[in-house]
Structure formats: C-alpha cells, structure tokens
There are 2 protein chains.
Amino acid sequence: MEKYVKILKKNDLKITSQRLIVLQYLDENCIHPTADQIYSDLKINNPSLSKTTVYNALVALQKHGIIQAITISGSELRYDIPHGMHHHFYCKKCGKIVDIDISCPNIKKMSEFGHKVEEIHGYIKGICKECLKKGS
Amino acid sequence: MEKYVKILKKNDLKITSQRLIVLQYLDENCIHPTADQIYSDLKINNPSLSKTTVYNALVALQKHGIIQAITISGSELRYDIPHGMHHHFYCKKCGKIVDIDISCPNIKKMSEFGHKVEEIHGYIKGICKECLKKGS
DNA sequence: TTACTAAATTGTAATTATTACAATTTTACA
DNA sequence: TGTAAAATTGTAATAATTACAATTTAGTAA
C-alpha cells in the first residue's frame with residue numbers, strides 16, 4: 001500500500017483511503033474495468049464507499065496521468081494503468097479488453113500535424129480467440 | 001443521389017429516403033458528426049424525420065461497413081465514411097475531430113494474436129492547432 | 001397496377017453511464 | 001490541536017442511446 005501512497009504524493013494528490021483502494025484495484029486487476037465494476041468490487045470490503053467517489057478518484061488519477069480511460073467500447077469508459085505503449089483489443093461478443101503488445105512506429109509523425117499530442121490509443125475490435133473457439 | 005441508392009442496393013438494404021439523406025449527409029459533411037448533429041441538421045429540411053430513425057439508419061449502415069462509429073470522445077459516438085485507412089485526432093478543447101492521414105504498419109501483425117480482427121482505430125488526443133493559436 | 005408481407009419509420013418511454021450539487025467528513029498543515 | 005481547503009457521500013439531474021408498439025412504406029408477385 002505504501003507504493004500507492006508514494007504515487008499519490010508524487011502527484012500532489014491528497015492521500016485518501018478511497019483513492020488508494022481504487023489505485024490498488026486497478027494495479028492488481030488488469031481487466032480494464034468500468035467505473036461500476038470497480039465500485040461493485042470495492043464496495044464489498046468498503047461498504048461506505050460511494051460511486052461518485054470512484055468517479056472522482058478516477059478523474060483525479062487520470063488528470064495526473066496515473067491511469068488512462070479507454071474509450072474502445074463506445075458505451076462505457078474502461079480504465080487501466082498504462083505501463084508502456086500498447087494497443088487494446090475489444091471483443092464485440094464478450095466485451096473483454098486484452099492488451100496487445102505492439103508499439104506504434106507512427107508516434108513521431110503525429111506531432112508533425114501541428115496539434116499538441118497528449119494521448120495515443122490503438123484500438124482493435126473483433127472477436128477474441130476464446131469466443132472464436134466457443135463458436136457462434 | 002443515385003450514388004447512394006447504388007450503395008444501399010449493393011448491400012441489400014432497403015432504399016428509404018431517410019437512409020439516403022443520412023448517407024448523403026455523412027458523405028458531404030466530413031465533420032465526424034454525432035447522431036444528434038445529423039438529426040438536427042437534417043430535421044430542418046425533413047421535418048418528419050425522427051431521431052430514432054437516424055439511429056436506426058446509422059446502425060444499418062454500420063452493420064454493412066458503409067460507415068464507421070468513432071469512439072474517441074468517450075461520451076458520444078461520432079460517425080464517418082471510411083475512405084482508406086487513417087487515424088483520428090480529437091481536440092479536448094473544441095471537440096473537433098480531424099483526419100490524420102497515416103496508415104498503420106502494424107496491421108499485418110494484429111492477426112497474429114489469434115483474435116478475429118474486424119476494425120482498427122488509431123486515436124490521438126490533445127489540443128488542435130487552431131485552439132493552440134487562440135491560446136488558453 | 002394492385003395487394004400483400006416484411007421491414008422501416010415514428011414518437012414516446014425506459015435505460016444507463018456519467019455529472020452536478022449541497023451537506024458532511026477528512027486531510028494536510030500551522 | 002485547530003483550521004481551511006479539499007474529498008467523500010447520497011441524491012438528483014443530465015444526456016446519449018435503446019426498447020417498444022403503432023403506423024407507414026418498400027419491394028415483390030399476381
């Protein structure tokens with residue numbers, strides 16, 4: 001837990017137990033969860049937790065680049081801790097998101113268009129290996 | 001307009017005036033509009049148009065790959081007609097989406113992960129040239 | 001052209017993720 | 001330990017999208 005305290009401190013964020021457990025949850029569960037999933041899972045051991053707090057914590061962590069929001073599904077935001085450039089695959093059938101470890105060779109080119117680049121997302125959509133196996 | 005009739009026919013979609021105007025709108029307005037923008041703009045000259053119809057038309061066109069939904073903003077879907085692989089830049093300040101003409105050299109690699117790849121999206125977020133000029 | 005069937009359109013109501021807000025509690029610091 | 005600013009909480013509001021039932025229309029075959 002000290003690990004997460006350090007991260008918050010480094011980013012001048014106030015240390016609260018709620019931010020710590022949200023951060024820990026994302027660090028230990030690389031399932032690219034929704035805000036609601038995070039809330040439901042944490043609520044079990046933290047009955048006083050509010051869903052708004054989860055949203056607030058996610059916004060605060062995002063502002064400082066500690067976590068990132070993934071917009072791949074189109075209907076809900078999914079969150080993860082970005083460790084190194086990678087892409088995301090979204091299964092249209094089961095909704096799962098999996099990391100695709102490819103880095104983008106275009107990154108340097110992006111700034112040549114005159115816009116200030118802050119985030120780069122590589123999204124791939126289709127049917128995942130496991131759903132393919134199960135058949136339709 | 002005959003152009004759009006052909007597209008619908010080729011895809012075994014029933015020809016309706018509503019689908020035609022939605023398709024024409026997207027073809028002539030490369031602004032990556034929301035469903036609501038499309039609806040509002042078309043409503044002016046087509047007072048009987050319903051918003052649900054716009055949604056239905058978009059779903060039908062999307063199913064056949066005639067148009068694509070862009071999930072870059074995270075809060076709403078934006079639509080465009082994909083002509084050739086390109087990426088999208090989203091301005092966090094003004095909400096504008098602009099095409100970035102880069103093709104992704106990773107495309108071949110994507111299928112090596114065992115998933116069935118149906119769509120690839122390259123999203124870049126930041127502040128656009130014009131908003132940078134205006135300053136904060 | 002006419003009649004028929006399946007599909008599309010329409011308007012309204014429901015759903016769902018997210019945000020706004022005011023009251024209360026807590027953190028960080030003097 | 002006291003205090004001010006910030007965070008948490010619960011509820012209410014918002015906004016995009018979907019569900020649904022009634023009506024209309026497109027496509028086809030007689």
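Numbered from 1 within each chain, the chains take letters A, B, ... in sequence-line order.
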Checking all strands, does A:T53 fall into the base, sugar-phosphate, or nothing category for heavy-atom contacts under 4.0 angstrom?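 Counting heavy atoms under 4.0 Å across all strands, the contact made by A:T53 includes a base.
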What is the nucleic acid contact for B:S75, judged by heavy atoms within less than 4.0 Å: base, sugar-phosphate only, or nothing?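 It contacts sugar-phosphate atoms only.
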Do A:T52 and D:dT11 have a side chain to base donor-acceptor pair shorter than 3.5 Å?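 Looking at the base of D:dT11, it does pair with a donor or acceptor on the side chain of A:T52 (distance under 3.5 Å).
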Nearest-angstrom distance from the residue atom [atom1] of [X] to [atom2] of [N]:
X	N	atom1	atom2	result
B:Y39	D:dT18	OH	C1'	16 Å
B:L49	C:dT10	CG	C1'	10 Å
A:I70	C:dT18	CD1	P	13 Å
A:K51	D:dT9	NZ	C1'	14 Å
B:I15	D:dT28	CD1	P	10 Å

Where do B:H115 and B:F113 land on the ring pair (Phe, Tyr, Trp, His ring centres under 6.0 Å) test, with the steps shown first? CA-CA 6 Å; B:H115 313 301; B:F113 292 85; 7.0 Å; no
A:Y90 ring center near A:Y123 ring center (under 6.0 Å):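 When the ring centroids of A:Y90 and A:Y123 are compared, they turn out to be at least 6.0 Å apart.
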If you apply the rule side chain to side chain donor-acceptor pair (under 3.5 Å), what do you find for A:H88 with A:D80, and how did you get there? CA-CA 11 Å; A:H88 289 108; A:D80 80 346; 3.2 Å; yes
So do B:P105 and A:N106 actually touch side chain to side chain, heavy atoms under 4.5 Å?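 Yes - at least one pair of side-chain heavy atoms lies under 4.5 Å apart.
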Between C:dT9 and B:S48, is there an OP1 or OP2 to side-chain N/O distance shorter than 4.0 Å?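 No, outside the criterion.
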